[in-house]
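For reference, the structure discussed in these notes is given below.
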Amino acid sequence: MQKPLNWIKRYPAVLILFILVGVGLFATHVLATYQQITIKANVVNVRQGPGLSYDTMGQASKGEVMNVISQKNNWYQVRLSGDKIGWVASWLVNNTEVSATSNRVATVTNDFANVRQSSNASSPLLGKVNKGDKLTVLYQQNGWSQVKYNSAVGWVQSDLISISNEAPTAVQTDTKTDDSSSQSTSDIKSVTTQLDNTKLRSGPGVNYAYSQVYSANTKLTYLDKSDTWYKVKDSDGNTGYVASWVVTPSAKNEVVKTSATSLSEATIVLDAGHGGNDVGALSNSNKYEKTYTLKTVDAIAKKLKAAGANVVLTRSSDKFVDLAPRPALSNKLRADAFISIHFDSSAQSNQASGTTTYYYSNSKDTSLANALNNQIKSLPLTNRGVEYGNYQVLRDNERPSVLLEMGYINSDQDFNYISSSSYQEKVADAVYAGLQNYFK
Ligand SMILES: [Zn+2]
């Protein structure tokens, strides 16, 4: 717990600003995972095509969030509010993890279909597509489909086309684009496994049963995408799902010589407690809890990433992040495990010592809590066991989640461990081993 800070009372506007900035930064991080970008310059022109030579069709202001449809020549094709589509320069936006969303393929079933600038019959005509032509459909509304058309977009009446379940890999009208740098899923024709023991599962998640196991360097036909999983077909005709981060799409093929485990297919959300103006509890030397939660999370993240897991952090720097977005991230990603790291504090200095593993839901969290605590027991600090804890990050979490108090920050003995990188490494080892057992 932290003491109320006097300056908060004196400067409430500053606190609100901190919170807004913190939430904003967090939202950027979260949304980036969902192929969205945030405008970083004060005003950005939205253009009709990927280059400065294209006419502007509007402007976007700082902080505005947009969905990315595709990427070309350092420009992002984005969906704007009101369903308009335009292009923004990538260097004017904040983005870390852009890859295009999976769109659908449609075939023109009428003799021809007019492609129009917007979704009504009186809007300017951009051109015409003919029976049998294939189109990538971006969006549908009120009887109209928004489609890619000559590296831009247009609208056709939905009743003149037929949407197939085919992945948009063979879209003829897209051949004019030459975006070799594009990470669009529409470019993926096959994927190659990076690891031995990669599993083909019946659904897009680690909880689904697996029917096939592949060795590294196995080529699979790409069929579709579901969140962060690829639907694929092997050479024997078996179809199922593989985690996107354990395979390499199409030509690129960097084989990593290690074995896939269930952990390597899992999405783990790591939550470093506190951050920014929320400093957490204090050590006897007035060091902040937030510093060591982040260091410990970094050590855990490194370990889990090395094991191939899809690791997502609720914060990766000293930023304020509110409580609600932390479990929300876990829910949104359908994380296989959510682990929050904190350090305890007793009323008086040097009054208490040791580690505690907290869970909230008996049915959902206890097996994760036990698996982790069984390893945490082996750490040099006394283990206080597995306890029920009514914490918001656990309470609002729909995914298996735990909160680990990895020592008392206001115990001199514990703080010597907490602040040492060797203890942080040991915590990482324990979490890694615990998760290995949990996902067995
Ligand atoms: Zn804390």
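All ligand and atom numbering here is 1-based and tracks the order in the structure. The structure presented is a predicted model; accordingly, all values stated were derived computationally and were not measured.
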### Task
Take the Zn ion (ligand 1) as the vertex and measure to ND1 of H342 and OE2 of E289; round to 10°.
100°

### Query
Has D344 got an N, O or S atom lying less than 2.8 Å from the Zn ion (ligand 1)?
no

## Note on the structure
residues 363-390 vs salt bridge (Lys or Arg N to Asp or Glu O under 4.0 Å), sequence neighbours excluded, gives none

### Task
Determine which of the N, O or S atoms in H274 is closest to the Zn ion (ligand 1) and give its atom name.
NE2

### Query
Is the Y230-Y241 ring centre distance short of 6.0 angstrom?
no

### Query
Do the ring planes of Y423 and Y417 sit parallel (below 30°), tilted (30 to 60°) or perpendicular (above 60°)?
tilted

### Query
With T356, which residues qualify under side chain to side chain donor-acceptor pair (under 3.5 Å), at least two apart?
none

